[in-house]
Novice: 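Sharing a structure with you now.
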Amino acid sequence: MKFGFSLEPPLWPEEPGAAMVQAARDAERIGLHYVLMSSHVLYSEHGAAVDPLVLLSAVAGATSRIGLATSVLVLPYYHPVVLANQVASLDMLSGGRLTLGVGTGWNPQEFAALDVPVRQRGRRTDDSLEVMQAIWSGTTAQLPERFGVLREAVGGVRPASPGGPPIWVGGHSDASIRRAVRFGAGWHGSGISHDQARSFRARIDELAAEAGRDPSTVEISTVAFLVPPGLPAVRPVPGRLLGGDGASTAAIVDDLSLLGKAGVTMCSLWMPIDAHRVTEALEWFASDVLPRVAEL
C-alpha cells in the first residue's frame, strides 16, 4: 500500500505557505508517496480555499520525488481547455509526478458563486474528462461532433505522462464508479471501511468487465482520517477515523491491513491536528506504522 499526506486539514500557523511546503518536504523525507490537496474556492468547515494546482506547483519546486495529487479537483468549476493546459504544465514541470483526482463537487454555495448549474455537474465532468484526455493525447479530431470547434483544437503544453496524468475519480455514487471505469486509472474514496472497500472493489470489477476493461487496471485509493495516539484533533473530522476513536498504533495498523486486503492501494492521511505537530505526527507514522504495515 502507498501512502500520501493531505496538506489541507491542519490549522496552519503564520506563513502558512512555508509551513505547507515544509510538511510536503517532511512527507517526502520519511518516504510517503504523495502529497495531496483538495479543491475549494470558498472556505468551509471541510477545507481551506488554497488552490490545489498553485500549491502543488510550489511543492513540485521544493521536492524532487514525491507524487502530487488533487483530492479532488471539482471539474465543473473549470473550462476544460484552460484546465488541460494548467494540468499539463504542472505535470511537465514536475517531471510527470502529478495524479489528477477529480470529482463533481457538492457545495451549492460554490456552484452559485461560479454561476455553474449544479444539476449539470455530472455531464460537465464527463465532458471535461473527454476533452482533456483528447487534448493530452492529440486526438481531439476524434471527439464527437457535439464538441464542435474543440475537435479542431491542438494541445499546447505536452504533459510528461503519455496521454496525460493518471486520473482518480472521486465520489461514492454508482455514477462516480462508472466514471472511474470509463476515464480513470483509479477510483478515489473518502473515509471508507474495509467492508465498504470490498464492496466498491466488487462493483468496479463488475462494471469494468461489462466495459471490456481489465478490472486490475482500476485501482482504489482513499482518504483516511487519522488522529495519531496522544495528539488531539483540533477541527471536526468529516468521516470515519482510522482505527476508531482514541485508536492505538496497533489498531491503526490493523485497520490499514484490512483496507489493503480489501483492495485499497493508496491511503491519503488526513490529520486534523495542530500544524505545529505535523512533523511529529509524520515521524510517528514513519517509525511506528510504516514498518509494521510493510511486514503485513
Novice: Go through the structure and list residues passing salt bridge (charged side-chain N to carboxylate O under 4.0 Å, His left out) with R29, not counting sequence neighbours.
Specialist: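 For R29, the residues satisfying salt bridge (charged side-chain N to carboxylate O under 4.0 Å, His left out) (neighbours in sequence not counted) are D26, E283.
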
Novice: Please say whether more than 12 non-hydrogen atoms of neighbouring residues, nucleotides or ligands are located less than 6.0 Å from CG in D195.
Specialist: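 For D195, atom CG is crowded (more than 12 foreign heavy atoms under 6.0 Å).
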
Novice: Measure the CD-CZ distance between Q196 and R201 for me, rounded to the nearest 0.5 Å.
Specialist: 15.5 Å

Novice: Any chance you could measure S71, atom OG, to W168, atom CH2, to the nearest 0.5 Å?
Specialist: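 It is 7.5 Å, given to the nearest 0.5 Å.
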
Novice: Any sub-3.5 Å donor-acceptor pair from R235's side-chain atoms to P272's backbone N or O?
Specialist: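 Checked: no pair found.
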
Novice: Could you pull out the closest heavy-atom pair between V227 and I252, with the gap in Å?
Specialist: O-CD1, 4.4 Å

Novice: Quick one: are P228 and F285 in side-chain contact, heavy atoms under 4.5 Å?
Specialist: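 When only atoms from C-beta onward are counted, F285 and P228 do not touch, as no gap falls below 4.5 Å.
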
Novice: Report yes if some heavy atom in the side chain of R179 is under 4.5 Å from a heavy atom in the side chain of D126; otherwise report no.
Specialist: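 Heavy-atom side-chain distance check passes, below 4.5 Å.
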
Novice: Under a 4.5 Å cut-off applied to non-hydrogen side-chain atoms, are L83 and L73 in contact?
Specialist: yes

Novice: Which atom names give the shortest non-hydrogen contact between L242 and A247, and what distance separates them?
Specialist: O-CB, 3.8 Å

Novice: Any non-hydrogen side-chain atom of P144 less than 4.5 Å from a side-chain atom of F147?
Specialist: yes

Novice: Taking C-beta and beyond as the side chain, do H172 and W187 meet within less than 4.5 Å on heavy atoms?
Specialist: yes

Novice: Determine, using the 4.5 Å side-chain heavy-atom cutoff (strictly less than), whether L53 and V21 are members of one ILVMFWY cluster.
Specialist: no

Novice: Do I66 and M266 belong to the same hydrophobic cluster, where Ile, Leu, Val, Met, Phe, Trp and Tyr are linked whenever their side-chain heavy atoms lie under 4.5 Å apart, directly or via other members?
Specialist: no

Novice: Please check this pair: side chain of T140 against backbone of E152, looking for a donor-acceptor N/O pair closer than 3.5 Å.
Specialist: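 Such a contact is absent between T140 side chain and E152 backbone.
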
Novice: Run the numbers on F5 and V278 for side chain to side chain contact (heavy atoms under 4.5 Å, CB included), then give the verdict.
Specialist: CA-CA 10 Å; F5 177 69; V278 165; 3.7 Å; yes

Novice: How about H276: does its NE2 atom have over 12 heavy atoms from other parts shown lying under 6.0 Å from it?
Specialist: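 Check fails, neighbour count at 12 or below.
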
Novice: What is the minimum heavy-atom distance between S190 and T222, and which atoms define it?
Specialist: N-OG1, 3.4 Å

Novice: Under 6.0 Å from the CD atom of E210, do we count more than 12 heavy atoms belonging to anything else shown?
Specialist: yes

Novice: Output the distance between atom OG (S268) and atom OH (Y34), rounded to the nearest 0.5 Å.
Specialist: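 Result: 11.0 Å between the selected atoms.
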
Novice: Mind checking the CZ-CD1 spacing from F200 to I177? Nearest 0.5 Å is all I need.
Specialist: 5.0 Å

Novice: Should P165 and V87 count as side-chain neighbours, where that means a heavy-atom distance under 4.5 Å?
Specialist: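 Counting from C-beta outward, P165 and V87 do come under 4.5 Å.
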
Novice: So, E28 and R25, do they make that salt bridge, N to O below 4.0 Å?
Specialist: no

Novice: Any salt bridge between R146 and E130, counting N to O under 4.0 Å?
Specialist: yes

Novice: Donor-acceptor pair, Q133 side chain versus F183 backbone, under 3.5 Å?
Specialist: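 Checked: pair present.
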
Novice: Is there a side-chain contact between I167 and M132 (heavy atoms, below 4.5 Å)?
Specialist: no

Novice: Would you indicate whether the side-chain heavy atoms of E110 and H40 approach each other to under 4.5 Å?
Specialist: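 Answer yes - side chains close enough.
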
Novice: Tell me, with the steps shown, if S38 and W270 meet side chain to side chain contact (heavy atoms under 4.5 Å, CB included).
Specialist: CA-CA 11 Å; S38 65; W270 197 101; over 6 Å; no

Novice: Would you say R97's side chain and A60's backbone share a donor-acceptor pair under 3.5 angstrom?
Specialist: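 Yes.
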
Novice: For residues V116 and V72: do they belong to one hydrophobic cluster (side chain heavy atoms under 4.5 Å, members Ile, Leu, Val, Met, Phe, Trp, Tyr)?
Specialist: no

Novice: Mind listing the closest non-hydrogen atom pair of A88 and V157 along with its distance?
Specialist: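 That would be CB-O, 3.4 Å.
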
Novice: Under 3.5 Å, side chain of T70 to main-chain N/O of L100, donor-acceptor pair present?
Specialist: no

Novice: Applying a strict under-4.5 Å side-chain criterion to I, L, V, M, F, W and Y, I'd like to know whether L42 and M37 cluster together.
Specialist: yes

Novice: Could you grab the distance from atom CZ of F3 to atom CD1 of I30, nearest 0.5 Å is fine?
Specialist: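 Spacing of CZ (F3) from CD1 (I30) equals 10.5 Å.
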
Novice: Tell me, with the steps shown, if L36 and V223 meet side chain to side chain contact (heavy atoms under 4.5 Å, CB included).
Specialist: CA-CA 10 Å; L36 304 96; V223 176; over 6 Å; no

Novice: Please give me the minimum heavy-atom distance between A24 and L7, naming the atom from each residue.
Specialist: N-CD2, 4.1 Å

Novice: State which residue, out of L290, V289, L231, fulfils the side-chain contact (heavy atoms from CB on, under 4.5 Å) condition with W284.
Specialist: V289

Novice: Return the minimal non-hydrogen interatomic distance between S176 and G170, and the atom names on each side.
Specialist: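 Heavy-atom minimum between the residues: OG-O, 3.5 Å.
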
Novice: Any donor and acceptor pair, going by atom type alone, linking the side chain of N85 with main-chain N or O of G156 inside 3.5 Å?
Specialist: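 Checked: no pair found.
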
Novice: Between W136 (side chain) and A84 (backbone), is there a donor-acceptor pair under 3.5 Å?
Specialist: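 Side chain of W136 to backbone of A84, a donor-acceptor pair under 3.5 Å: yes, one is there.
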
Novice: Within this structure, what is the CD-OG1 distance for the pair Q120 and T104, rounded to the nearest 0.5 Å?
Specialist: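 Separation between the atoms: 13.0 Å.
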
Novice: Test of understanding: clusters of I, L, V, M, F, W, Y form through side-chain heavy atoms closer than 4.5 Å, transitively. Do V169 and L75 belong to the same one?
Specialist: yes

Novice: Which residues pass the salt bridge (charged side-chain N to carboxylate O under 4.0 Å, His left out) test with D214, sequence neighbours left out?
Specialist: none

Novice: Under 4.0 Å between a Lys/Arg side-chain N and an Asp/Glu carboxylate O for R292 and D288?
Specialist: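 D288 and R292: not salt-bridged.
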
Novice: Can you tell me if S128 uses its side chain to pair, donor with acceptor, with the backbone of R124 under 3.5 Å?
Specialist: yes

Novice: Please check if the side chain of R240 supplies one atom and the backbone of I192 the other of a donor-acceptor pair under 3.5 Å.
Specialist: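 Yes, R240 side chain to I192 backbone: donor-acceptor pair under 3.5 Å.
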
